[in-house]
2 protein chains.
Amino acid sequence: MRITYVTAGVVLALLAACMPAAETADQLPSWNDGPVKQAIVQFVQQVTDPTNPEFIPDARRVAVFDNDGTLWAEQPMYVQLAFAIDRIRTMADAHPEWQHQPPYAGILSGDSATLAALSMHDVSEIVTATHSGMTTDEFRRLVSDWLRTARHPRFDRPYTDLAYQPMLELLAFLRANEFRTYIVSGGGIDFMRAFTEEVYGIPPEQVVGSMGALRFELRDSTPVLIKEPGVEFVDDGPGKPIGIERFVGRRPIAAAGNSDGDLQMLQYTAADPGSPLTLLVHHDDAAREWAYDRASSIGHLDKALDAARARDWTVVSMKNDWSVVFAFEKGPR
Amino acid sequence: MRITYVTAGVVLALLAACMPAAETADQLPSWNDGPVKQAIVQFVQQVTDPTNPEFIPDARRVAVFDNDGTLWAEQPMYVQLAFAIDRIRTMADAHPEWQHQPPYAGILSGDSATLAALSMHDVSEIVTATHSGMTTDEFRRLVSDWLRTARHPRFDRPYTDLAYQPMLELLAFLRANEFRTYIVSGGGIDFMRAFTEEVYGIPPEQVVGSMGALRFELRDSTPVLIKEPGVEFVDDGPGKPIGIERFVGRRPIAAAGNSDGDLQMLQYTAADPGSPLTLLVHHDDAAREWAYDRASSIGHLDKALDAARARDWTVVSMKNDWSVVFAFEKGPR
């Protein structure tokens, strides 16, 4: 059974009457009471109760999460792009030719119009310049070091503080119920693995992302893996169910996303013959975070929003369903 | 500390004096007592003992295993190729043109010389013809159905009975000590996932293998993944450490292989700064299984054997170190 806004009143009344909601609800303190929180709690209760017809054995309890805009903020630019731009600045001394070469020249001059107008081709060039030519270990160290010092432009805090507190609680709640929680993101797999364990409690083997080529090399007879230029797999849109099949080899029973890049992953999960949990995070809170959907290029949300409404997926209103967005806020509103 | 044949006598004496070997050794009843079994038991004791300088936390306990020739028999041909050839026969009615077209004609005539002389190009064509044009679910069902009925030509038993009993015990022993056990094989990932959970206790998300392209499709609005022709990733030789980095994102602390295709995986594991376990299974038992190494095309073992001997990796003699090869044998020799 899936819960919609329409049937929510009925369901709430039923739930209040028949289940120990308070007990489990405590594990999601940053979620306001309402149909969305109830949908999550009911889903977990159903699949973990051996007497329930919707019961799912542990081995099949796989939940997949998009990262940017679903687990942490993606505005005003993807964190990975902010990292790449800072790397360009750091590397500029060794590349004097960049002073006169677009898009590097604009980035180095600090011209915000250049940053706003970066094309996909520019981004691809910047990512190649900053994400290849080193070992995977060296790259992860660069990312870790950067995350320790870089600050988000709006909140003046480490980017890792921009993880959504309600989603951290949801990840922990699912894991406490024998779920394996995966990230399935269009972001780079090596970039994410530098912080997902510390920030989300998600180990590297449960991170699926876009990938560049790797080359095995014996360096002074020590084997290393070198990050090469070029993208081998784009884990976005239809790439997400493909990434899930490749890495997990099972259809998830829960998925969360926030943009059209997550549509196929949500469709794939929703097609589970049981009663899967299909969450779409809607950014509608300009005061605490940002408000954007159909008109935004970052986190563009159009078809997936229509699909969610047409198919009774669970739409999470950041404004209404979350009492806290970031842990650094002082308590609930 | 790594254990070699040379130092084994000393180590054995030390072990007998100072550790409760009997207790843990019981978990490997099909391994004969000797330096190899002791190397395995000592490795596990070291990395799981918090007071030992070689202690490794649970999260880093990753062990990787080649499949063909390491976990089950690969003679007289790879099981996956036997499947493909049987599929060609099953599909032949729908492909009358195959009767006059190499390599199909030779396969359909049952000519064993044709099978022995299949080129890499032939194998690639056969695999494409039999492994694409269907959903991943449909393909796995074909493999499961085939494994239930097909018989190994020498032993006249299901292929899955050809799993090596000592390796099944080793997998279980490692998992009982909080290891995650991965398969990292040149074989097809979808083929292996049809049986690894049942036969080895290894779930789909811990199977890394060669991969064809996948295509996401909405079929009557139901999302499916179609197996497409063409190979996207060859998980063999230098591809194995790359596959490990991609799927696991950590360097293993234990690895087992049996051929030159495993050399780079063994090198990569052996480079762990602690005292990793690096096992090379040597097929030297023509009576119970097969004896082959440098002269064999299947399971060709030459450089990896030299490397193992030069670098003190643990070479497993199937003849001397295993009291039982297959579970269907009646007890130890």
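Chain letters run A, B, ... following the sequence lines, proteins first and then strands; every chain starts at 1.
For the options Gly249(A), Pro203(A), Ala213(A), heavy-atom pairs under 4.5 Å to chain B are most numerous at Gly249(A). Among Arg215(B), Gln264(B), Arg251(B), the residue making the largest number of heavy-atom pairs under 4.5 Å with chain A is Gln264(B). Per-residue heavy-atom pair counts under 4.5 Å with chain B were compared for Asp137(A), Thr136(A), Val208(A), and the maximum is reached by Thr136(A). Chosen from Val224(B), Leu218(B), Val207(B), the residue pairing most often with chain A at heavy-atom distances under 4.5 Å is Leu218(B).
Residue Arg246(A) touches chain B through both its backbone and its side chain, counting heavy-atom pairs closer than 4.5 Å. Interface residue Leu214(A): backbone and side-chain heavy atoms are both found under 4.5 Å from chain B. Both the backbone and the side chain of Ile242(B) come within contact range of chain A, judged by heavy atoms closer than 4.5 Å. Of the atoms belonging to Tyr182(B), it is side-chain heavy atoms, and not backbone ones, that fall under 4.5 Å from chain A. For Ile189(B), the part sitting under 4.5 Å from any heavy atom of chain A is the side chain, from C-beta outward, and nothing else. Looking at Glu197(B), the atoms closer than 4.5 Å to chain A (heavy atoms on both sides) all sit in the side chain, from C-beta outward.
Phe83(B) has its ring centre less than 6.0 Å from the ring centre of Phe191(B). With ring centers used as reference points, Phe195(A) lies 6.0 Å or more from Trp146(A).
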* Thr70(B) and Asn258(B): side chain to side chain donor-acceptor pair (under 3.5 Å), yes or no, with the steps? -> CA-CA 6 Å; Thr70(B) 298; Asn258(B) 76 297; 3.0 Å; yes
* Please report the C-alpha distance between Ser275(B) and Glu54(B) in whole Å, then the side-chain angles of each, then the deciding distance to 0.1 Å, and finally whether the side chain to side chain donor-acceptor pair (under 3.5 Å) criterion is met. => CA-CA 7 Å; Ser275(B) 298; Glu54(B) 303 289 352; 3.1 Å; yes
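Electrostatic pairing of Asp262(A) and Lys240(A) counts as a salt bridge here, judged by a charged N lying under 4.0 Å from a carboxylate O. Using a cutoff of 4.0 Å between basic side-chain nitrogens and carboxylate oxygens, Asp272(B) and Arg60(B) are scored as salt-bridged. Residues Glu138(A) and Arg219(A) are paired through a salt bridge, judged by an N-O separation under 4.0 Å between the basic side chain and the carboxylate.
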